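Here the structure is laid out as structure tokens; the discussion comes afterwards.
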Amino acid sequence: MSVKKEIVDSLLFRELIAIRTDTLWRMLFCLQQGQLPGIHEEGATGKLDNKGAIFIPGGLIYQDVDDRQVTYEVTEPFDESIFREKIRESMQFDNASLLFPDGMANSVNLDSGFFARAARRIYTYKTAAFKRKRKVGPKLPIDIDSNDIVRSHCPTYLDPPYGSRTRISTCVAIGLTDPHLYFAYCKTEFCMSRAQLTDYAHRLDTAQEHAVLKGGKTLYPPYVIVCHDTRYKENSLTGLIRILGIGRFGEFSTVTFEILNNKLLGEMRRKKVAPGEEHIFATHDGNDILGVLRTYGPTNPGRRSQKYQLDLIAPKRDLDLDLESIAKQASERYWV
């Protein structure tokens, strides 16, 4: 299965893109009025995604910032409509939303220091483990810090200082890219009984699987999905979406809504991608807006991969979105 299909073929992603399409109309109205937020300003959101969000497979998280074990209420029945409602509700809260096959936990405050330490130590030891020379030598190895790890999971236009949402989402994703090392680290940090270890190992394994409804529809993929509230690049109209934990270290995807201008056309020609009518999310004031998915290749800590795959998202074919209904509701909500 292609990376694009893995990402778009879930109810979570479809609902997030529907929400961001609503936001797109607000941003187009701001663009028309000359009030589009700057590329480093917050506020590239609408009424449905006011706070942005981090969606994390819940099995990755053992406890919150107050050292309390993560709990959630099982939702019965947990069907498509209820799941979509909970996603929209989550977009109104700060902190993380934890996803489970039978429920969700909203506004969970995570310990960013714990995950930053875990990521640093795991990749420092992993780098040292692959050194072939027996002698350390006069040049002492430099420890990997959290900025190195975050930098490797961000596009080139997202520079430090990194915010807490960017940092914690990246460091949490190590549980998906290196689950055995992450489990070993958690085992040494938490005083878990044998029964708790067995339960946590099961939850961690579940977090690496697609959550599927009885009818076969995928609720969410085994990825960390971050909805930023900042545009970060000039041609992007809504907050950036990053998708982490999709493969090896440094592999991640971004989703942006971009104006089809000469620069984007040139990039698509280089990547041999042809835009069509089916890829247009909105047309406003003579501008066609496309949903662009870029997937970056693996790299080493501190480096950014220059290799990436570009795909265009077709709102109807890929996501089954009703663009007319979204546009109508957005026009009433934002006076477009």
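Being a predicted model, the structure only gives us computed values, none of them experimental.
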Worksheet entry | Side-chain donor or acceptor of H153 paired with backbone N/O of I149 under 3.5 Å | yes
Worksheet entry | Residues M268, L290; criterion side-chain contact (heavy atoms from CB on, under 4.5 Å); working and verdict | CA-CA 12 Å; M268 287 191 292; L290 307 183; 4.2 Å; yes
Worksheet item: Side chains of F78 and K214: closer than 4.5 Å at any heavy-atom pair?
Response: no
Worksheet item: Would you call the rings of Y72 and F100 parallel, tilted or perpendicular, where under 30° means parallel and over 60° means perpendicular?
Response: parallel
Worksheet, complete the sentence: Per side chain to side chain donor-acceptor pair (under 3.5 Å), R14 is matched among D9, D320, D318, T218 by D9
Item to complete: Would you check if K263 and L265 make a side-chain contact, meaning some heavy-atom pair closer than 4.5 Å?
Response: no
Discussion item. Run the salt bridge (Lys or Arg N to Asp or Glu O under 4.0 Å) test on D22 and R333 for me, step by step, so that the C-alpha distance in whole Å, both residues' side-chain angles and the decisive distance to 0.1 Å come before the verdict.
Written reply: CA-CA 9 Å; D22 175 272; R333 187 177 289 118; 2.3 Å; yes
Worksheet item: Is the F29-Y334 ring centre distance short of 6.0 angstrom?
Response: no
Worksheet item: Quick check: does any side chain N or O of S152 sit under 3.5 Å from a backbone N or O of D148, one acting as donor and the other as acceptor?
Response: yes
Worksheet, complete the sentence: Heavy atoms of F281 and G291 approach each other most closely as CD1-N, 3.5 Å
Worksheet item: Taking the side chain as C-beta and beyond, is there a heavy-atom pair between T230 and I39 under 4.5 Å?
Response: no
Fill in: Output field: ring centroids Y296/F252 closer than 6.0 Å
yes
Worksheet item: Can a donor-acceptor pair be found between the side chains of H210 and E6 at a distance below 3.5 Å?
Response: yes
Fill in: cation_pi(K187, Y182) dist<6.0 Å, angle<=45
no
Worksheet item: Between D288 and T283, is any side-chain donor less than 3.5 angstrom from a side-chain acceptor?
Response: yes
Worksheet item: Looking only at heavy atoms, which two atoms of S107 and N95 are closest? And how far apart?
Response: OG-ND2, 3.7 Å
Worksheet entry | Donor-acceptor under 3.5 Å (R20 side chain, G239 main chain) | yes
Worksheet, complete the sentence: Closest non-hydrogen atoms of R151 and G302, given as atom of the first, atom of the second and distance, are NE-O, 3.1 Å
Worksheet item: Do we see a donor-acceptor contact under 3.5 Å between the side chains of D229 and T45?
Response: no
Worksheet item: Can you check whether G46's main-chain N or O pairs, donor with acceptor, with D49's side chain at less than 3.5 Å?
Response: yes
Discussion item. What verdict does the side-chain contact (heavy atoms from CB on, under 4.5 Å) test give for T21 and F257, after you've listed the backbone C-alpha separation in whole Å, the side-chain angles of each residue and the deciding distance to 0.1 Å?
Written reply: CA-CA 9 Å; T21 304; F257 287 99; 3.9 Å; yes
Discussion item. Using only atom types and a distance under 3.5 Å, with no angle test, would you say the side chain of D178 pairs donor to acceptor with the backbone of L181?
Written reply: no
Worksheet item: Any donor-acceptor pair under 3.5 Å linking the side chain of E41 with the backbone of G38?
Response: yes
Item to complete: Decide side-chain contact (heavy atoms from CB on, under 4.5 Å) for L219 and S10; before the verdict, give the C-alpha distance in whole Å, the side-chain angles of both, and the deciding distance to 0.1 Å.
Response: CA-CA 5 Å; L219 280 177; S10 71; over 6 Å; no
Worksheet item: Is the gap between the ring centers of Y123 and F249 under 6.0 Å?
Response: yes
Practice prompt. For residues F190 and F114, establish whether the separation of their ring centroids is below 6.0 Å.
Written response: yes
Item to complete: Could you grab the distance from atom SG of C227 to atom CD1 of I225, nearest 0.5 Å is fine?
Response: 7.5 Å
Worksheet item: Run the side-chain contact (heavy atoms from CB on, under 4.5 Å) check on L99 and L12 step by step: do they pass?
Response: CA-CA 10 Å; L99 304 171; L12 171 62; 3.7 Å; yes
Worksheet item: How about S253 and R294: do any of their side-chain heavy atoms sit closer than 4.5 Å?
Response: no
Worksheet item: For the atom pair CH2 (W25) and CG (L323), what is the distance rounded to the nearest 0.5 Å?
Response: 9.0 Å
Discussion item. Evaluate K328 against E332 for salt bridge (Lys or Arg N to Asp or Glu O under 4.0 Å), listing each step before the verdict.
Written reply: CA-CA 6 Å; K328 181 180 179 181; E332 295 172 354; 5.0 Å; no
Discussion item. Do Q329 and S325 pair up side chain to side chain, a donor and an acceptor below 3.5 Å, judged on atom types alone?
Written reply: yes
Item to complete: Would you kindly say whether R167 and S112 are connected by a side-chain donor-acceptor distance under 3.5 Å?
Response: no
Item to complete: Give a yes or no on whether the backbone of D199 and the side-chain of H202 come within a donor-acceptor separation of less than 3.5 Å.
Response: no
Practice prompt. Using a 4.5 Å cut-off on heavy atoms from C-beta on, say whether the side chain of V150 contacts that of C154.
Written response: yes
Worksheet, complete the sentence: Paired with I243, the side chain to side chain contact (heavy atoms under 4.5 Å, CB included) test is passed by just one of V3, V226, T295, I7, namely I7
Worksheet item: Judged by atom type as modelled, is there a donor-acceptor pair below 3.5 Å linking the side chain of D66 to the main-chain atoms of R68?
Response: no
Worksheet item: Is there a salt bridge (Lys or Arg N to Asp or Glu O under 4.0 Å) between K316 and E278 once you walk through the steps?
Response: CA-CA 7 Å; K316 182 62 179 177; E278 63 177 358; over 6 Å; no
Worksheet item: Counting N and O atoms only, with roles assigned by atom type, does the side chain of T299 sit under 3.5 Å from a partner on the main chain of G250, one being a donor and the other an acceptor?
Response: no
Practice prompt. Report yes if some heavy atom in the side chain of D102 is under 4.5 Å from a heavy atom in the side chain of T75; otherwise report no.
Written response: no
Practice prompt. Would you name the heavy atoms of L264 and I259 that are closest together and state the gap between them?
Written response: CD2-O, 3.6 Å
Discussion item. In the structure I gave you, are the side-chain heavy atoms of E258 and I289 within less than 4.5 Å of one another anywhere?
Written reply: no
Worksheet item: Atom CG in L237, atom CG in L36: separation rounded to 0.5 Å?
Response: 6.5 Å
Response to the item:
Rounding to 0.5 Å, atoms CD (Q92) and NZ (K47) come to a distance of 11.0 Å
Worksheet entry | Test item: side-chain donor near acceptor, N235 and N261, under 3.5 Å | yes
Worksheet item: Side-chain contact, heavy-atom cut-off 4.5 Å: M104 with S97?
Response: yes
Discussion item. Testing the basics here: between Q196 and Q69, what is the closest heavy-atom pair and its distance to 0.1 Å?
Written reply: NE2-NE2, 3.3 Å
Item to complete: Give a yes or no answer on whether the side chain of R231 reaches the backbone of E234 with a donor-acceptor pair at less than 3.5 Å.
Response: yes
Practice prompt. Would you please say whether a donor-acceptor pair under 3.5 Å links the side chains of R242 and H228?
Written response: yes
Response to the item:
Of I313, T256, T254, the one forming a side chain to side chain contact (heavy atoms under 4.5 Å, CB included) with V292 is T256
Worksheet item: For the residue pair L319 and I17, what are the closest heavy atoms and their distance?
Response: CD1-CG2, 3.5 Å
